[in-house]
Structures are given as structure tokens and as C-alpha cells.
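Single-structure report; data block below.
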Amino acid sequence: MSISKTYDPKEAEDKWYTYWMQQGFFRSIPDEREPYTIVMPPPNVTGVLHMGHMLNNTIQDVLIRRARMQGKNACWVPGTDHASIATEAKVVAMLKEKGINKKDLSREQFLEYAWEWKEKYGGIILKQLEKLGASCDWNRTKFTMNPELSDAVIDTFIRLYREGYIYRGVRMVNWDPQGRTALSDEEVNRKEVNQTLYYIRYAVPGIDDGPTYLTIATTRPETIMADTAVCINPNDERYAHLKGKTALVPLINREIPIIEDEYVDVEFGTGCLKVTPAHDLNDYELGQKHNLEVIDILNDDGTLNEKAQILVGEDRFAARKHIVKLLEEAGYLEKTEAYTSQVGFSERTDAAIEPRLSMQWFCRMAELAKPALEYVNNGEVKLIPDKFISTYRHWMENIKDWTISRQLWWGQRIPAWYNAQNEWVVAKTSDEAKALFQAEGKSTEGIRQEDDVLDTWFSSGLWPMSVFDGTRNPDNADIRYYYPTNDLVTAPEILFFWVARMLIFGHEYRGKAPFKNVYLTGIVRDKLGRKMSKSLGNSPDPIELMQQYGTDGVRVGMLLSSPAGNDLMFDVAYCEQGRNFANKIWNAFRLVKGWEVAEAPASSAQREAANWFGHRFNQAVAEIDGHFSNYRISDALMAIYKLVWDDFCSWYLELVKPAYQQPIAREAFETTKSFFEAVLKLIHPFMPFISEELWHDELFGQRSERDCCIVAEYPKGGVFDEKELGDFASLQQVVSEIRNLRNAKQISTKTPLPMAIYATSDTDFARYAECIQKMANISEISFIDGKQTGTTSILVGKDEFYIDIAQNIDVEAEKERISKEIDYLNGFLKSVNAKLANERFVQNAKPEIVANERNKKADAEIKIKILQENLLNLTGF
RNA sequence: GGGAGCUUAGCUCAGCUGGUUCAGAGCACCUGCCUUACAAGCAGGGGGUCACUGGUUCGAACCCAGUAGCUCCCA
């Protein structure tokens with residue numbers, strides 16, 4: 001039965017994914033085996049698969065598949081995140097298209113639409129992960145707003161409240177006037193923006209001489225109505241005359257104090273700073289320090305309110321233009337200047353963030369963060385690569401309280417209740433709230449629940465526990481078995497707001513970190529180094545990529561280009577390389593499959609090849625295991641790539657391959673098949689489909705229903721003999737030199753050449769004679785006891801190989817070649833001798849290093865001697 | 001402004017505690033091959049002042065200091 005010349009992935013992919021599912025290979029239930037657990041970072045329900053997910057989930061799948069094959073009870077828990085702000089924005093937009101305004105809906109009506117949307121689109125990304133081959137336990141799929149997970153969130157809020165970590169307060173928050181919600185710092189993107197710096201004059205009453213005004217510089221003239229002071233640096237002599245005076249806010253003529261604080265940068269602007277506590281974080285802090293009044297002139301949609309006195313109802317940006325005109329007309333505007341500065345934008349709505357004071361719920365972090373920091377500090381939780389530790393430490397040591405409320409509907413509603421007097425209690429239900437009010441002797445009239453929901457990270461922080469129902473039900477079998485999980489694979493940009501919070505919550509509930517290793521992937525960039533983004537359109541569609549290069553090819557492509565923690569400069573060329581690799585494996589298989597078998601003894605070349613490859617394979621497994629234990633996934637892959645391509649295909653198979661249309665000896669055939677199986681197992685975590693496809697070929701005989709590569713026993717490294725490997729390497733070098741010679745002399749590979757060997761080392765070349773003959777097309781080999789003349793010589797180590805190329809050798813060219821080699825060796829020898837002549841080297845360097853130098857000296861001397869003799873022979877000839 | 005990190009071949013990156021398995025890998029490139037597993041291939045080859053300057057050392061890609069350029073995080 002012939003099989004096609006190139007590997008066609010499509011059929012294999014669907015077939016085997018379905019089969020694995022049917023057989024329940026992804027399913028994990030606690031048993032007596034060692035667990036190996038990964039919880040998937042839940043993608044947003046609004047998300048579609050992008051290259052970042054591809055990278056992230058490929059790595060997780062590689063880890064989980066390998067663990068499964070190693071006999072562990074591998075459990076990979078998938079799920080999605082409700083992403084309150086992103087999803088709410090999406091639903092609002094969808095409703096708008098239908099002509100429905102969120103404002104006209106009740107909370108319940110809105111949530112109905114939102115759930116409908118989620119049911120319809122929320123599973124897309126998980127379906128896409130199936131294409132990638134993700135071997136998750138789909139029976140465990142969770143959503144952060146599932147009732148039991150939401151419950152965990154609410155319980156946690158109440159728990160932390162009772163422990164005194166949660167409080168309400170007025171704070172400066174990042175306000176998104178379009179989404180009309182507060183955002184965490186992490187949801188704000190800062191961008192460099194071209195702005196204008198306006199120089200505005202404030203009248204200063206009561207100055208006898210000199211100008212009767214001061215000038216401030218601001219990019220936000222529309223906020224002057226909220227000014228409650230002007231601040232100068234006490235050391236600034238220019239303004240000494242202003243001390244203790246007051247200034248008048250232009251246009252509205254409100255009198256404000258002139259205060260002094262070293263915070264003011266004398267160099268910047270005019271050195272006079274307008275202080276607007278309600279609309280700037282630094283000003284707010286300054287205001288607190290100096291007990292300034294706070295005047296908030298903005299509505300939650302970014303328009304000016306009546307406290308502004310003028311321009312009421314205008315949007316902040318319209319008001320800016322407008323007030324500039326007014327200031328100019330009234331003679332307050334001194335000048336303007338171009339200026340660039342960082343402005344925050346909402347990650348979700350892209351509206352300019354407004355620093356705004358509002359009543360929010362907060363979680364006190366300083367104390368909670370300590371154990372979470374300690375886990376990383378003491379190495380209980382490893383960050384990979386460890387360069388992130390110092391960043392993490394710095395962040396955790398300077399952690400600020402966490403704004404946990406969001407002015408949204410989609411999410412877990414905060415379990416706080418107000419009565420008509422706006423007094424409040426925290427309780428799970430309104431009945432409990434009533435009881436609490438009553439216990440405190442307060443009215444239960446007009447009781448209503450807090451409108452705000454909790455930040456999404458509050459629920460994802462519980463994820464490694466809540467997917468196992470571990471907070472509500474802390475003694476259940478799942479949580480006891482799977483927690484702490486093993487590895488977490490995620491992106492460095494969410495190290496703090498996700499990873500740190502999981503550590504905090506994990507410690508809070510179970511006194512144990514939720515995972516042992518955190519593998520931080522890089523950001524997927526295009527080959528120009530730009531972050532892949534929808535707006536740039538520089539991101540390939542992963543699904544199309546998989547169709548084009550095969551899933552295995554894309555998986556290999558992703559991992560080839562991604563050392564841990566480094567950004568990955570993605571290029572489809574990597575996928576092409578992956579596809580080519582799959583094809584290589586496929587064709588190696590075709591070769592073996594095409595062999596006829598004869599009941600005959602194996603040849604010497606076949607036996608030596610098998611002997612060598614056995615050692616080489618064990619050596620490679622050791623290397624690969626080493627790479628995995630250091631989470632060097634792309635190095636592990638490259639080691640496999642080279643093992644398969646170079647060692648297995650280019651050397652092993654070429655050596656055992658029978659002559660054209662000749663059968664292969666039974667023994668060699670069986671050995672080859674078992675090597676092939678072993679190789680397929682190594683490949684499987686990276687290339688699950690082609691490995692499974694070939695695993696089931698009739699070549700390997702009948703397989704039982706559950707005899708699958710996905711659950712085959714992962715190769716364990718065995719012993720390997722360095723001497724055997726070294727001897728074989730000499731053989732390889734001889735072959736390579738002969739091929740090189742053919743190339744240089746334009747001798748076809750089809751022309752057989754005779755060779756004589758004069759070997760004085762302990763390598764037994766007789767043993768490899770047949771191998772050399774086969775790989776270098778040598779017609780006959782003779783072993784001689786001295787030098788040969790009239791033929792071309794090759795030196796490998798101190799052994800000499802004479803090839804009769806059946807043509808007059810070019811004496812001059814040979815002389816030059818040998819002389820060059822001697823020159824090189826002499827240079828080398830000189831440097832070695834210089835070291836050995838240096839007393840301080842001999843005294844200070846470690847003995848083994850000195851010994852090594854002596855060996856190098858001896859080796860070089862022997863080689864030079866041989867070459868010089870050969871040179872003489874040539875001249876004599 | 002504060003913190004972290006990077007700079008090695010055309011590209012993407014390895015290089016552990018300083019000492020020829022120290023200048024490496026893959027891809028790309030060049031040369032020769034349509035050899036009956038594979039041209040998505042085979043065989044061979046070229047290519048780097050290890051950012052720059054100085055220091056420590058018997059010895060530096062590696063350690064230290066400074067300079068330049070780049071990236072990320074926080075303000």
C-alpha cells in the first residue's frame with residue numbers, strides 16, 4: 001500500500017482529535033497517580049483566538065501531553081473569563097445596533113441580553129482551541145460567572161470584608177467617561193500625546209509693585225474652575241513676593257490661596273502650579289497635605305457640571321476649546337506652547353481617562369501582599385525566566401490598594417446593601433442584610449443592593465481554586481487532589497494583576513500557593529518587532545495558518561521562535577519550517593514502510609547503526625529532559641528536531657537502508673520500527689497529530705483501541721556510552737571529509753573510491769568499515785601499517801585515511817592545503833605554549849585546566865608531525 | 001522621573017560557576033546534485049572586532065565601571 005508523497009494534515013487532525021475525545025484521554029479524575037495540573041488562563045468570552053493564545057496554549061498542551069505520557073494524572077482545566085468591561089461594551093454596542101439604549105433597560109433586562117450574547121459567542125475561542133489540539137478536560141470547562149464561581153467571589157468579598165481588608169472610600173480613580181466606570185491602573189494604556197501648554201494669568205490682589213498677576217501653565221484649561229490653590233516652590237525667589245497672598249481664578253474670580261510646597265518643579269512651565277484636587281492625582285495629594293477644598297466640576301460622562309459655574313453641560317474637550325477662547329478674549333491667555341505628554345486611555349473604550357474622585361470599594365493590599373511576595377522570594381513559586389522576580393518584588397513592595405468596584409452590570413454584584421438613609425452593611429442576601437441592619441438598630445426601609453460589580457480580576461484571582469470548587473467546599477476531593485496546581489503559563493503583562501492576586505487568594509484560603517511554576521511567555525510580535533494587533537492588521541489568522549501549514553507545523557513554528565520570557569518575532573517562515581519537519585517525518589516513515597523484509601542476518605552497518613543510535617537516543621532524551629526541567633521548551637524541541645532529522649534520518653536510516661529493491665534483514669527492520677516508535681513518542685507533545693497518525697499505521701501491527709501515542713509511555717533516558725558516541729563521531733567525520741573531498745574534486749558520489757586506513761588511535765575502524773563504505777561510497781577498505789603515498793590523505797584525530805581518487809593528485813594544491821593546516825595548528829600550539837610558559841597560569845589555574853592545556857599541546861604536536869611527514873612525502877613524490 | 005532588562009552571523013536566538021566540545025544553533029545565503037523516502041529534499045560551504053571605552057585577571061562574550069542605542073514596567 002502506497003502512501004502519498006507529502007503529509008496531508010487535515011484528515012489526521014479531525015480524525016484523531018475526535019478519537020481522543022471519544023476515548024476520554026483528556027479526562028482527569030482523581031486517582032492514586034501523581035497529579036499534574038494546569039489551569040488555563042481563561043480567555044475573555046469576547047475573544048477570538050489570536051497568536052498570543054496560540055503560543056500560550058501550545059506550551060500548555062506540550063507540558064500536559066508530556067506529563068500524561070509520563071504516567072501522571074494530567075488535568076488541564078479550560079474556561080473563559082466574563083471580562084466585565086469588555087463584554088459589557090460589546091453588548092452595549094450590539095444593543096445600539098439594534099436601536100436599544102442601555103439606559104432604557106433595567107439591570108435584569110440588560111443581563112438577559114448579555115447572557116444571550118455569551119451563550120452565542122462566548123464559546124468560540126474554546127472551539128478554536130480544539131483546532132490547536134488542546135488536550136483539555138472539556139468536562140471541566142468553567143466560566144467565571146457560573147453560579148458556583150460567582151458564589152465563590154461573593155463569599156470571598158464578604159470574607160475579606162469581615163477580615164477588615166475591604167473598605168469604601170473616596171479616591172482618585174481612573175474614570176472612563178465613555179464606559180462610565182472606574183478602571184484599574186492596569187486597564188489604562190498610556191500614550192504619548194501632542195498637546196498644548198496654555199499659559200494663563202491669575203490676578204493677585206494686593207501687590208504694590210510689579211505685575212499684579214501670576215502665570216501658570218496647564219494642558220487642561222477647562223479645569224481652572226476646579227482650582228483651589230496655586231502652589232509655588234518655597235525656594236523659588238522669583239515668587240517670594242507671592243507668599244501668603246491669594247489669587248483669583250480667571251473668568252469666575254474665585255479667590256484661592258497661594259501655597260508653598262517643594263513638590264513644585266521650578267524648571268517646569270512657569271514654576272507656578274495650579275492645584276486642582278478633584279481632577280489630578282498629584283494635585284489631590286497636594287490638596288490633602290494642605291487641606292484644600294475639593295471642587296469636582298465634571299459629571300460622570302465627562303461634561304461640566306454646575307460647580308464649574310461656566311460652560312455647564314459642555315463636554316470636557318469642547319469646553320477646553322471654548323474656554324481658551326474666553327480666556328484669550330478676556331486677556332488672561334499669555335501664550336501657548338506645543339507640548340507632548342503621557343495621557344491615559346481606556347483599554348476597552350479608548351476614551352481619555354479622567355482622574356476623578358469617586359466613592360469606590362477598595363481592597364487593602366499591603367498585608368495581603370506579604371505572603372504572596374514571600375512565595376516568590378523563597379523560591380516556593382518559581383518565575384520562569386527568573387528575571388521577572390525583581391520586577392515582581394518591586395511591585396509587591398510598593399503595592400497600592402486595589403479598586404475592586406466597577407460601575408457595570410455584567411459581573412458579580414457587590415454584596416452590600418443600603419437602606420434609605422444610605423447606611424450600609426455587607427451581606428450575601430437581603431434577608432441577612434436586614435438582620436444586620438436590625439442588629440445594629442438601623443432602619444431596613446428602602447433596602448437596596450449596591451449597583452456596582454466587582455472587578456473581573458477578583459474572580460480570576462480565585463480561578464485555580466474556584467474551578468475545583470475549592471473555596472466553597474474546601475475539603476472536596478478535586479481541590480485536595482489537584483491543588484496546588486503545577487504550572488501556570490501566562491503573559492508577563494498580567495504577572496501582577498492576575499498572578500499576584502491568585503497567590504494572595506490562594507494563600508488566604510489554603511495557606512498554599514496555587515501553583516509551583518509560573519512560565520511567562522513573551523509577546524508575539526511581527527517580524528518587524530511590532531506588537532500584533534487588530535488595528536495594525538499585522539496578525540495572521542491562526543485558523544488559516546493551521547489550514548495552511550498544518551496544526552503540527554504551526555505548533556512547531558510557534559515554539560521554534562519562542563525562548564522563555566522573550567518576545568517572539570513571529571514569521572510564517574517558522575511555520576513553514578514546522579511543516580517541512582512534519583513532511584520529513586512523514587517521508588522517513590514512507591521509506592521504512594516500503595521495505596520488504598527478509599529472514600536474513602543484519603549487516604555490520606545495520607548493527608553498528610543500531611548500536612550507535614541506541615546510545616544517541618538515550619543521550620538525546622537526557623538532553624531533552626534537561627531542557628524541560630528548565631522550561632526551555634524551544635531548546636527541547638530543537639533537540640528533538642535534530643535527533644530526528646540529523647541522527648535518525650541522515651545517519652541511522654541511511655545506514656540501515658537496504659540497496660535499491662533489496663529486502664531488509666528482519667532484525668534491522670524490527671529495530672528500526674522500535675526506534676521509530678520511540679521517536680514518535682518524543683515528538684508527540686509537540687506534534688500530536690502526525691505522531692498519532694503514524695502510530696496507528698499497519699506497519700506497527702494491530703493496535704488495541706486504547707493503544708495510542710497520546711498515552712504511550714514517554715521514553716525514559718537510559719545509559720549511553722561516551723566512547724561509543726565518540727567513535728561514531730570519528731566515523732562521521734571521516735565520511736564528511738570524504739564527501740567534502742568529492743565536492744572539491746568534482747567527483748560524483750556515484751563513483752566508488754578505494755581507501756586505506758592507517759589508524760593508531762584506539763578507535764576500531766574495522767568495525768565501521770561497512771558504515772564508511774556505505775555512507776561515502778567507498779569500494780574497498782584496506783588497513784595498512786604505515787603511510788601511503790600517491791593518494792590524498794585525510795586526518796581525523798591522529799588517524800590517517802588515504803583515498804585513491806584515481807587521478808593525478810594536484811601536488812601543489814595538496815601542499816598548500818596541508819601547509820595551511822600546519823600553519824593553523826602552529827598558531828594554536830603557540831597560544832597553548834604561551835599559557836603553559838606562563839608561571840602564573842600554571843600556578844593559579846585549576847589543575848584540570850592545566851592538564852587539559854598539556855593534552856591540547858600533545859595533540860597538536862602529533863598532528864603537526866603527521867602533516868609534516870605527509871608534506872615531505874608529497875614533495876618526495 | 002523611578003524600576004527591570006537587552007545589544008553575539010543577514011534574521012531569530014543559545015552561550016550554566018571566567019579557561020577549544022568558546023565563538024555556536026536554526027533559518028536565510030552560496031556551490032554541486034531531479035541518488036527510486038523526502039527539491040517541503042540530499043551533500044558540502046562561506047559568514048561575527050561577541051554595541052563602544054576603560055578596568056579587574058595569568059586569562060573576559062562572560063566579572064566591574066562608564067558611554068551609546070533599544071525594549072518593557074511604574075509614575
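Because only heavy atoms are used, hydrogens play no part in the values below, and waters and symmetry mates are left out as well, while side chains stay in. Labels below follow one simple rule: chain letters A, B, ... track the order of the sequence lines, proteins then strands, and each chain is numbered from 1.
A/T276 and A/Y284 share no donor-acceptor pair across their side chains, judged by distance under 3.5 Å alone. For A/D799 and A/S761, the side-chain atoms include at least one donor-acceptor pair closer than 3.5 Å.
Put simply, A/R579 has no side-chain N or O that comes within less than 4.0 Å of OP1 or OP2 on B/rC27. The side chain of A/T391 places no N or O atom within less than 4.0 Å of a non-bridging phosphate oxygen (OP1 or OP2) of B/rC72. Put simply, A/N580 has a side-chain N or O that comes within less than 4.0 Å of OP1 or OP2 on B/rG41. At least one side-chain nitrogen or oxygen of A/K400 sits closer than 4.0 Å to the OP1 or OP2 atom of B/rA75. For the pair A/W395 and B/rG2, the criterion of a side-chain N or O lying under 4.0 Å from OP1 or OP2 is not met. OP1 or OP2 of B/rG45 sits under 4.0 Å from a side-chain N or O of A/N740. Considering only side-chain N and O atoms, A/R590 lies nowhere under 4.0 angstrom from the phosphate OP1 or OP2 of B/rA37. Note on A/S736: a side-chain N or O is less than 4.0 Å away from OP1 or OP2 of B/rG44.
Within the 4.0 angstrom heavy-atom criterion, base atoms lie near A/K657. A/D571 comes within 4.0 angstrom of no nucleic acid atom, judged by non-hydrogen atoms across all strands. Contacts of A/R739 with the nucleic acid, taken as non-hydrogen atoms under 4.0 Å apart, involve only primed sugar atoms and P, OP1 or OP2. Using a 4.0 Å heavy-atom distance criterion, A/W645 is classed as a sugar-phosphate-only contact. When heavy atoms are screened at a 4.0 angstrom cut-off, A/Y641 is found touching the sugar-phosphate backbone but no base atom. Using a 4.0 Å heavy-atom distance criterion, A/E654 is classed as a base contact. Using a 4.0 Å heavy-atom cutoff across all strands shown, A/A588 reaches at least one base atom of the nucleic acid. Across all strands shown, A/N583 has heavy atoms under 4.0 Å from base atoms, whether or not it also approaches the sugar-phosphate.
Put simply, the side chain of A/K584 and the base of B/rC38 share a donor and an acceptor less than 3.5 Å apart.
Listed nucleotides: B/rA39, B/rU21, B/rA37. Nearest to the side chain of A/K5: B/rA39. Closest to the side chain of A/S650, out of B/rC58, B/rA25, B/rA43, is B/rA43. With distances taken from any side-chain atom of A/R840 to the nucleotides B/rC58, B/rA37, B/rG15, the minimum falls on B/rC58. Closest to the A/F496 side chain, of the nucleotides B/rC38, B/rC73, B/rG3, is B/rC73. Residue A/N587 has its side chain nearest to B/rC38 when only B/rU20, B/rC38, B/rA43 are considered.
Here the C1' atom of nucleotide B/rC73 and the CD1 atom of A/I389 are 16 Å apart, to the nearest Å. In this entry the distance linking CD of A/Q746 with P of B/rG45 reads 15 Å, nearest Å. Rounded to a whole Å, the NZ atom of A/K750 is 9 Å from the C1' atom of B/rC33. Atom pair A/F648:CZ and B/rC38:C1' shows a separation of 14 Å (rounding to whole Å applied). B/rC6 atom P lies 16 Å from atom CZ of A/R525, rounded to whole Å. With rounding to whole Å, A/F841 atom CZ is found 7 Å from B/rG19 atom C1'. Nucleotide B/rC11 holds its C1' atom 15 Å from the CD atom of A/E576, rounded to whole Å. Rounded to whole Å, the distance from CZ on A/R393 to C1' on B/rA4 is 12 Å.
Shown here, B/rA4 forms a base pair with B/rU71; the pair counts as Watson-Crick or G-U wobble because both key distances fall under 3.5 Å. When Watson-Crick and G-U wobble pairs are counted only if both distances are under 3.5 Å, B/rU53 pairs with B/rA65. With both pairing distances under 3.5 Å, B/rA28 is matched to nothing as a Watson-Crick or G-U wobble pair. If you check B/rG41 for Watson-Crick or wobble pairing at under 3.5 angstrom, you find it paired to B/rC33. For B/rA9, there is no paired nucleotide, since no Watson-Crick or G-U wobble pair has both relevant distances below 3.5 Å. Remark: B/rC16 base-pairs with no nucleotide in the shown strands. Criterion, Watson-Crick or G-U wobble with two distances under 3.5 Å. Pair assignment for B/rG59 gives none, since no Watson-Crick or G-U wobble pairing has each distance under 3.5 Å.
Here the separation of B/rC72 from B/rU67, taken at their P atoms, is 22 Å to the nearest Å. Nucleotides B/rA39 and B/rA14 place their C1' atoms 30 Å apart, quoted to the nearest Å. A gap of 13 Å separates the C1' atoms of B/rG46 and B/rG10, to the nearest Å. Straight-line distance between the C1' atoms of B/rA37 and B/rU49: roughly 46 Å, to the nearest whole Å. When the P atom is used for both B/rC33 and B/rU21, the distance is 38 Å, rounded to whole Å. For B/rC52 and B/rA68, the C1' atoms lie 7 Å apart once the distance is rounded to whole Å. When the C1' atom is used for both B/rG41 and B/rC27, the distance is 16 Å, rounded to whole Å. Between B/rA60 and B/rG19, the distance separating the two P atoms is 11 Å to the nearest Å.
Using a 4.5 Å cut-off on side-chain heavy atoms (C-beta onward), A/W612 and A/D647 make contact.
The existence of a salt bridge linking A/K723 and A/D727 is confirmed by a sub-4.0 Å separation between a basic side-chain nitrogen and an acidic carboxylate oxygen. In this structure, A/K593 pairs ionically with A/E698, as a charged nitrogen and a carboxylate oxygen lie closer than 4.0 Å. Using a 4.0 Å cut-off between a side-chain N of Lys or Arg and a carboxylate O of Asp or Glu, A/K774 and A/E770 do not qualify as a salt bridge. Between A/K856 and A/E861, no side-chain nitrogen of the basic residue sits less than 4.0 Å from a carboxylate oxygen of the acidic one, so the salt-bridge criterion is not met.
Of the residues A/D552, A/L680, A/N583, the one that meets the side-chain contact (heavy atoms from CB on, under 4.5 Å) test with A/I690 is A/D552.
Remark: A/R739 qualifies as a cation-pi partner of A/W651 under the 6.0 Å distance and 45° angle criteria applied to the six-membered ring.
For the pair A/A573 and A/K856, both in contact range of RNA chain B, the more 5′-proximal nearest nucleotide belongs to A/K856. With RNA chain B read from its 5' end, the first of the two nearest nucleotides for A/I849 and A/L653 is the one closest to A/I849.
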Determine whether A/N517 and A/Y631 satisfy the following criterion, side-chain hydrogen bond (donor to acceptor under 3.5 Å, both in side chains), listing intermediate values before the conclusion. CA-CA 10 Å; A/N517 301 292; A/Y631 291 84; 2.9 Å; yes
